[in-house]
Amino acid sequence: MTEKNYSKEDIIKFAKDENVRFIRLQFTDLLGTIKNLEIPISQLEKALDNKMMFDGSSIEGYVRIEESDMYLYPDLDTWVVFPWVVENRIARLICDIYLPDGRPFPGDPRGILKNALKEAQEMGFTAMNVGPEPEFFLFKTDDQGNPSLELNDQGGYFDLAPMDLGENCRREIVLTLEEMGFEVEASHHEVAPGQHEIDFKYADAVKAADQIQTFKLVVKTVARQHGLHATFMPKPLFGVNGSGMHCHQSLFNGSANMFYDESDKLGLSSTARYYMAGILRHARAFAAITNPTVNSYKRLVPGYEAPCYVAWSASNRSPMIRIPASRGLSTRVEVRNPDPAANPYLALAVMLKAGLDGIKHKMQLPPPTDRNIYVMTEEEREDQGIPSLPENLKVALEDLLRDDVICDALGDHALAHFIELKEIEWDIYRTQVHTWEREQYLTLY
């Protein structure tokens, strides 16, 4: 999205010029779900004065009922009008959450990312740039409009029509995104049937997380208009690739990319190497945030191009960190394990804090792994010091609680609520009787 610096007067003028009748004051709950309070245009000035209140006790992971009052502080630079509504036009402002005493709410995911960025700024980095690659599946809907498990196409990687029947839907998603200010760089069919990817230009971390949330909303809205259901579930189908959200990231100081060093053999600065070392050191702990569902760990298995192993390479795609070939200002680290079910604000916050910890302590980066890790034996991986990512959500939560750096990135409030919600999720999954079990055991025993 282009750089903006809107004033309150700008927003009021935009609303009038574009005949906006309603404004959605949007924010994100702890689990990454978009929430909004919709107000009529008559309440816009009140909202712009940060006087719009809502009940935080109704939002997942926020507060108890006896401390529920919260205020929405709109970020004026996030103003956009939804292009799919022609009459009674609707605009959107993304908000930060504040307490009645004027303090930022410590459980606000957007605020948690901003806190991590403050630490980066204190260390001399003016920006964390992020280029996300969220993948998704398109399923047909039934006569009632409910999602089915029938895919929209049988296409594969970079396929075209007639194999890729999602092409028109994907093209309209791109056009809608561009109308909303996105700079879309590429869109294509992914490896699995019904799977797609749309890549948009990098932005600073908060804007990138905002973009991910807006992207998900646009994809689902346009898909519905085509009679399809879009899902960002990490592994909706057995036996095919799951959906990832690779995150390309770099640290800048002004206009200088602090990850680039032309004198280095790989073009990587010591800062980039320390940052990667920190990511690898804390990977098992932050997996609970970057891969936050029971289903996330069905994707992180060998054989489907998802990174299961904590290693890095400048060329090999089987480790969780890859270094894309571009250098100079485009020098970056691609962290490949996150999936699109992650709360993007929390995911970027924990990865940034992990990388900063590596820089602070000048952690030594292990040698690159240029072999295909999928074909290595367990003994070979152990000999080379290549650990696996957690095997399930329960293990990931245990690893998270053992890591002070990642716990600190979340803060006490978000950490406690996140653990509580995810332990409930794991317990429901653990005690559920699944179709596979009935198929295997009902007649056998």
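The basis for the numbers below is simple: all heavy atoms, side chains too, and nothing from hydrogens, waters or symmetry mates. Index from 1, following the sequence.
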Taking everything shown except [X] itself, do over 12 heavy atoms lie less than 6.0 Å from its [atom1]?
X	atom1	answer
E45	CD	no
R281	CZ	no
D412	CG	no
D404	CG	no
K8	NZ	yes

Value rounded to 0.5 Å, distance of [atom1] in [X] from [atom2] in [Y]:
X	Y	atom1	atom2	value
D204	M128	CG	CE	10.5 Å
W79	I11	CH2	CD1	6.0 Å
E172	T221	CD	OG1	11.0 Å
T331	E262	OG1	CD	10.5 Å
K298	N291	NZ	CG	14.0 Å
R224	H229	CZ	NE2	9.5 Å

Okay, side chain of [X], backbone of [Y]: is any donor-acceptor separation there less than 3.5 Å?
X	Y	result
N36	R24	no
Q144	D142	no
E135	G244	yes
K220	F215	no
N129	S250	no

Residues forming a ring-ring contact (aromatic ring centres under 6.0 Å, His included) with [X], sequence neighbours excluded:
X	answer
Y429	W426, H434
Y275	F259
F82	W84

Does any part of the side chain of [Y], heavy atoms only, come nearer than 4.5 Å to the side chain of [X], both counted from C-beta?
X	Y	result
I419	L401	yes
Y345	I112	no
L76	D10	no
K353	F286	no
E197	H246	no
L410	I289	yes
N50	Y98	no
K422	L31	yes

Exercise for review: Run through E178, E179, M180 and flag the one making a side chain to side chain contact (heavy atoms under 4.5 Å, CB included) with T176.
Suggested key: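 By the side chain to side chain contact (heavy atoms under 4.5 Å, CB included) criterion, T176 pairs with just one of E178, E179, M180: M180.
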Point to revise | side-chain contact (heavy atoms from CB on, under 4.5 Å) between L44 and I41, worked out | key: CA-CA 5 Å; L44 177 57; I41 191 67; 3.8 Å; yes
Which atom of [X] lies closest to which atom of [Y], heavy atoms considered:
X	Y	result
L329	S255	CD2-O, 3.3 Å
S296	D339	OG-OD2, 2.7 Å
F137	L151	CD2-CD2, 4.1 Å
A47	L25	CB-CD1, 4.0 Å
R299	P307	NH2-CD, 3.9 Å
L251	N257	O-OD1, 3.6 Å

Check this for me: does any side-chain nitrogen of one of [X] and [Y] sit under 4.0 Å from a carboxylate oxygen of the other?
X	Y	value
D210	R110	yes
E334	R322	yes
R103	D101	yes

Review point. Yes or no on side-chain contact (heavy atoms from CB on, under 4.5 Å) for L415 and L400, after CA distance, side-chain angles and deciding distance?
Key: CA-CA 9 Å; L415 176 65; L400 168 59; 4.1 Å; yes
Review point. Are R21 and E87 close enough, and set up right, to give a side-chain contact (heavy atoms from CB on, under 4.5 Å), and what steps lead you there?
Key: CA-CA 9 Å; R21 304 302 299 274; E87 294 182 14; over 6 Å; no
Check your understanding: Who pairs with D17 by side chain to side chain contact (heavy atoms under 4.5 Å, CB included), at least two apart in sequence or on another chain?
Key ->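 Side chain to side chain contact (heavy atoms under 4.5 Å, CB included) list for D17, sorted by chain: K13.
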Review point. In chain order, what residues pass the side chain to side chain contact (heavy atoms under 4.5 Å, CB included) check against D264, with sequence neighbours excluded?
Key: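 Listed in chain order: D261, L266, L268, R273.
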Practice item. Check whether the side chains of H248 and E133 place a donor and an acceptor atom closer than 3.5 Å, and report yes or no. Key: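 Distance-only check passes for H248 and E133.
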Exercise for review: Would you sort out whether M363 and D357 count as a side-chain contact (heavy atoms from CB on, under 4.5 Å), showing the intermediate values?
Suggested key: CA-CA 8 Å; M363 292 180 186; D357 191 52; 3.0 Å; yes
Check your understanding: Parallel under 30°, tilted from 30 to 60°, perpendicular over 60°: which one fits the rings of F182 and F200?
Key ->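 Correct class here is perpendicular.
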Exercise for review: Please list all pairs passing the ring pair (Phe, Tyr, Trp, His ring centres under 6.0 Å) test where one or both residues lie in residues 112-136, with sequence neighbours left out.
Suggested key: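 Listed once each, the pairs are F136-H196, F136-F232.
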